[in-house]
*Asks:* 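Have a look at the structure that comes next, please.
Convention: sequence-line order gives letters A, B, ...; per-chain numbering from 1.
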There are 2 protein chains.
Amino acid sequence: MTLNVRAEILLKTLIERYIADGQPVGSRTLARQAGLELSSATVRNVMADLEEMGMVRAPHTSAGRVPTELGYRVFVDTLLKIKPLNTSEVQKLEHELLSNQDPQQLIENTSQLLSEICKLTGIVMAPRREEQLAFRHIDFVSLSDRRILVILVTQNGQVHNRILQAEREYSSSELTQAANYFNETYSGSSMTDVRRALLHEIQQDSEDMQRIMKLAVSMARAAIDPDDETKAKTDDLVVSGESNLIDIPELGDMRKLRKLFDAFTTKRDLLQLLDQSMRAGGVKIFIGSESGCEALADCSLVTAPYTVDGRIVGTLGVIGPTRMAYEQVISMVDITARLLSSALSAGNRLESSGR
Amino acid sequence: MTLNVRAEILLKTLIERYIADGQPVGSRTLARQAGLELSSATVRNVMADLEEMGMVRAPHTSAGRVPTELGYRVFVDTLLKIKPLNTSEVQKLEHELLSNQDPQQLIENTSQLLSEICKLTGIVMAPRREEQLAFRHIDFVSLSDRRILVILVTQNGQVHNRILQAEREYSSSELTQAANYFNETYSGSSMTDVRRALLHEIQQDSEDMQRIMKLAVSMARAAIDPDDETKAKTDDLVVSGESNLIDIPELGDMRKLRKLFDAFTTKRDLLQLLDQSMRAGGVKIFIGSESGCEALADCSLVTAPYTVDGRIVGTLGVIGPTRMAYEQVISMVDITARLLSSALSAGNRLESSGR
DNA sequence: CTTGGCACTCTATCTCAGAGAGTGCTAAAG
DNA sequence: CTTTAGCACTCTCTGAGATAGAGTGCCAAG
């Protein structure tokens, strides 16, 4: 299944042409376009070979050829040359992402920028593995009755809040005192350490304090543990620019479109995919059924992990039709992941890393 | 333009039939369906009258009649009898909405429930006019450099947070001290009072404190003033179940669908509409072009304001095709608004109010 | 191995005719 | 004056050819 040079050039030309205008490409067009001095008949012979190898197929006898998933695969793996992004767009990106903003806002902006520039759907998975993130600040606010609002801030400035039902009412001074104690004692420690220390303290402290400790522990778990709360699960993924997919002719089928949008709402499958692509460093591409997700049948997903202080903490990417402009999208995703990494890391230094 | 009883019955029957199956209704069908002992010829005469009055129209010469916007208007204003909701659905609603949750979460759940039960798109505008809401708690957390995270909790438990750039670095004890002072002094006062008091204090306090005060003031404005921040504007509206609109045949046109989804993303027009319907108490219905919003051309919007402790603070509603099951949707929106009101009000008592 | 030529296939589009649905009008009946 | 039956008319929808166009596969010659 190795291709000779000519077949490669023709496949590449065919895919580029098909990506550009969405029409099956005939031998005549291809012969002219490819820049090789070949007749259409010769091209037809090559196409027959490519078809046998499963790289292209003909929608019907008298149509031209379109790439198959395998064809795209070969294209992105070996034929495609990354197109550097338009400089002004890079600058826009830098400007938008490297300005001061809180992490949640930053994640949302990133997703939106991805979608706007690619004219597709952008997705960003919020940082995971915050277990290892340091605790910075906690606060308890008494609401009505026994409801206590717990606000927890992690090292990167992300704010989590949740309401807990207490067993008795607490005065605000009690709560303030507890919060101050926490902040003085544990600020800067890692979440896991805080949790461990709390569990230890519970066993020897006064009864009143115990209760608050317990609250804090359960709060810490709720805010941090991704498996503990559905809220955390779905809030972890930001999807933007869904409507960009409506125009796309391949998805013109309402059923497909519906499935896709439902997947955006559910988020479960997407999160799983992104989680999966988090392990591999660098840009990763799922073409059509490769994603294993039915809703993404005619779509491709281009992802890249991003880091905080060198450690991979999340993934971002772009979803579009299988027939998408991979060259631009890949570099877009790549650069965005890097910019987001430096925006999230202390000091805003731009990291360099291979794709 | 007054209708006699027979015309009313026929119009009502026609619209109900059309809502049910989306096909133009012919005189034969209508004569049988209406329960009046009339021939199709008589019905045809009435239809000609209704057409002249602009209540119905025929897509073409030999099709039946479909309602016009005016027809729908008359229908919802005078002909429709509200259908009480399925009891089990009401219970589900009550159960979901009256359980303890923080306001933001509650708003999102409400929107989702609206969309799920109506199988349309649910929208909820987050509480406005929080100027009048009492201040409950503030907190300052120092992030890197001079960035200070300000967390502000309003009386209803809503958490706002924002990052501010300070002129110098503050130690955490300074910040804690400032926060404690704030919370002790102002907790329970109205936002406007807090702001006023702060402005006053600034003029006599020490210089260090001044700076923090200023921060707090600007924070308070940023978190509260709806015109001050774009974030506040767009975060104010929660839209759910957009994908329910994909299946709807009237919106099968990709252009229309695209416009609609873009409107959901932009939110501006929707917010304006909801704001407008906030003034009128009770359920309000915008049919087709009545909304004045191009994207909603073939849609209707059913809204109802909700209250906190008796004061109207926001609006919620449902967006669907003009041909929607108004009876169910109206009562759904009505009951949801009431349930949300009591869920947001202290003590969770169910209020009664006319529609 | 490449190329020109040719028969063949499949789609897309147009037209045409017939069936079906529903109307408007008229004239007669209540 | 209202209602009804009857009838001609209009419009859409569907399926059947017919035709043009695009592109292929294969063969035989270069």
*Asks:* Do B:S243 and A:D262 get their side chains close enough for a donor-acceptor pair, meaning under 3.5 Å?
*Replies:* yes
*Asks:* Tell me whether the rings of B:F261 and A:F261 are parallel (<30°), tilted (30 to 60°) or perpendicular (>60°).
*Replies:* perpendicular
*Asks:* In whole angstrom, what separates A:E52's CD from D:dT24's P?
*Replies:* 16 Å
*Asks:* Pick from B:I319, B:L273, B:L301: which one makes a side-chain contact (heavy atoms from CB on, under 4.5 Å) with B:S291?
*Replies:* B:L273
*Asks:* Considering only side-chain heavy atoms of A:A41, which listed nucleotide, C:dG4, D:dG25, C:dT23, is closest?
*Replies:* C:dG4
*Asks:* Measure from NE2 on B:H60 to C1' on C:dG24 and round the result to the nearest Å.
*Replies:* 16 Å
*Asks:* Under 4.0 angstrom, heavy atoms only, what part of the nucleic acid is A:T42 near: base, sugar-phosphate, or nothing?
*Replies:* base
*Asks:* Taking only N and O in the side chain of B:R65, is any of them less than 4.0 Å away from OP1 or OP2 of C:dG24?
*Replies:* yes
*Asks:* Return the nearest nucleotide to the side chain of A:S62; candidates are C:dC25, D:dT4, C:dC10.
*Replies:* C:dC10
*Asks:* For D:dC9 and B:T61 - does any side-chain N or O of the residue sit under 4.0 Å from the phosphate oxygens OP1/OP2?
*Replies:* no
*Asks:* Report the distance from atom CG of B:L30 to atom P of C:dA21, rounded to the nearest whole Å.
*Replies:* 17 Å
*Asks:* B:D49 has an atom CG; how far is it from atom P of C:dC25, in whole Å?
*Replies:* 12 Å
*Asks:* Between B:R6 and D:dT3, does any side-chain N or O lie under 4.0 Å from OP1 or OP2?
*Replies:* yes
*Asks:* Is it the case that the side chains of A:S27 and A:R44 hold a donor-acceptor pair, with the cut-off being a distance below 3.5 Å and no angle test?
*Replies:* yes
*Asks:* Rounded to whole Å, please give me the gap between CD in B:E51 and P in C:dT23.
*Replies:* 10 Å
*Asks:* Looking at C:dG5, does its base get a donor-acceptor pair with the side chain of A:R44 below 3.5 Å?
*Replies:* yes
*Asks:* Calculate the interatomic distance between B:N45 atom CG and D:dT4 atom C1'; express it in whole Å.
*Replies:* 10 Å
*Asks:* Any base atoms under 4.0 Å from A:Q23, or only sugar-phosphate, or nothing? Heavy atoms, all strands.
*Replies:* nothing
*Asks:* Parallel, tilted or perpendicular: which one describes the rings of A:Y326 and A:Y72, with boundaries at 30° and 60°?
*Replies:* tilted
*Asks:* Take atom CE of A:M47 and atom P of D:dC26, then tell me their distance rounded to the nearest Å.
*Replies:* 15 Å
*Asks:* Between atom CZ in B:R57 and atom P in D:dC11, what is the gap in whole Å?
*Replies:* 16 Å
